[in-house]
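Basis for what follows: all heavy atoms, side chains included, without hydrogens, waters or symmetry-related copies. All residue numbers refer to positions in the sequence shown, counting from 1.
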Amino acid sequence: MNQNPILRSIDTLRGPAGRLEALLNAGQPEAPYAAIVCHPHPLFGGTMHNKVVYHAMKAFQAHGLPVLRFNFRGAGLSEGTHDNGKGEKDDLRAELDWLQEEYARPILFAGFSFGASVGLRACCGDERVSGIAALGLPVRAGGREYHYSFLAGCRQPKLFISGTLDEYGPQAEVEAAVATAALPAKLVLVPGADHFFAGKLDQVQLALSAWIEAYFLPAEVARS
């Protein structure tokens, strides 16, 4: 049994492929948003315990927001098998359903790498999701190319954080993808950072926190 009242395991979450392992970091009762964070590619070791995912969670939690993390199908203790991003979109939609039912408030999304790609596709146009943050947006990884032409119709505020040395998201190609996105869309480049933001995670957390403050909690910042 988890002895930390701030963090608890969620045993009731179900997706189309079965049980989804999840953790909830509790927020303040008056929090104006709830948040969800998705992990990188499970076939390459990605889980909800990834360091980038953890730092994204901390950025949301620092503003008192409840934050849900979960393992896609086939990762960790989640049931099912990997589905190359198709079934994973349905997993995320099941998590959004749970989060909306649990908190009945707007949702902010953040995803890292594969989780960013899945999240953009699942969350763009979803009226429950007020903002989308894509960390380490993949363009070419694992022999697969990722395309983002659909961003032209994605109207929610969007944040992209990428390293200038990202081997799976070359700077010029990430800039080109972001340039096609409907406004508002902000790109933050972390100098010298690789795909996993090694040694630069504090900069990722600060950039995400600044975006949260600017777009979603301006009154809170004004009072501080």
Give a yes-or-no answer on whether the side chains of His82 and Glu88 include a donor-acceptor pair shorter than 3.5 Å.
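Yes, side-chain donor-acceptor contact under 3.5 Å.
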Quiz question: by atom type and distance under 3.5 Å, do the side chains of His41 and Ser113 form a donor-acceptor pair?
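The answer is no; no qualifying pair exists.
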Just wondering, more than 12 heavy atoms not from Tyr168 lying within 6.0 Å of its OH?
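At most 12 heavy atoms, drawn from other residues, nucleotides or ligands, come within 6.0 Å of this atom.
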Does Tyr54, at its OH atom, have more than 12 non-hydrogen atoms belonging to other residues, nucleotides or ligands within less than 6.0 Å?
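Count not over threshold, so no.
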Between Lys89 and Asp83, does any side-chain N to carboxylate O distance fall below 4.0 Å?
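Salt bridge between Lys89 and Asp83, a charged N being under 4.0 Å from a carboxylate O: no.
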Hey, is Lys200 close enough to Asp194 for a salt bridge, meaning N to O under 4.0 Å?
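No.
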Among Leu92, Leu99, Ile10, find the one that has a side-chain contact (heavy atoms from CB on, under 4.5 Å) with Phe70.
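Of the listed residues Leu92, Leu99, Ile10, the side-chain contact (heavy atoms from CB on, under 4.5 Å) partner of Phe70 is Leu92.
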Knowing that exactly one of Asp11, Thr12, Leu13 qualifies, which makes a side-chain contact (heavy atoms from CB on, under 4.5 Å) with Arg19?
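With Arg19 as partner, side-chain contact (heavy atoms from CB on, under 4.5 Å) holds for just one option, Asp11.
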Distance in Å, Leu108 CG paired with Ile36 CD1, rounded so as to fall on 0.5 Å steps:
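Atom-to-atom, Leu108:CG and Ile36:CD1 are 11.0 Å apart.
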Aromatic contact between Phe44 and Phe114, with the criterion being ring centroids under 6.0 Å apart: yes or no?
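No - the distance between ring centres of Phe44 and Phe114 does not fall below the 6.0 Å cut-off.
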Please find the pair of heavy atoms, one from Pro32 and one from Arg105, that lie closest to each other, and give the distance.
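Looks like O-CB, 3.9 Å.
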Return the minimal non-hydrogen interatomic distance between Pro157 and Ser130, and the atom names on each side.
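The answer is CD-O, 3.1 Å.
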Cluster check Leu208, Val37: I/L/V/M/F/W/Y, side chain < 4.5 angstrom:
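Both belong to a single hydrophobic cluster.
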Hydrophobic clustering (ILVMFWY, side-chain heavy atoms < 4.5 Å, transitive) - are Val118 and Leu96 grouped together?
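Yes: a chain of side-chain contacts under 4.5 Å links Leu96 to Val118.
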Give the intermediate values and the outcome of side-chain contact (heavy atoms from CB on, under 4.5 Å) for residues Tyr103 and Tyr33.
CA-CA 8 Å; Tyr103 288 100; Tyr33 298 91; over 6 Å; no
Could you give me the CA-CA distance, side-chain angles and deciding distance for Leu137 and Tyr146, then say whether side-chain contact (heavy atoms from CB on, under 4.5 Å) is met?
CA-CA 9 Å; Leu137 186 72; Tyr146 295 79; over 6 Å; no
When you measure from the side chain of [X] to the backbone of [Y], do you find a donor-acceptor pair of N or O atoms at a distance under 3.5 Å?
{"X": "Gln100", "Y": "Arg128", "answer": "no"}
{"X": "Asn71", "Y": "Glu21", "answer": "no"}
{"X": "Gln171", "Y": "Leu189", "answer": "no"}

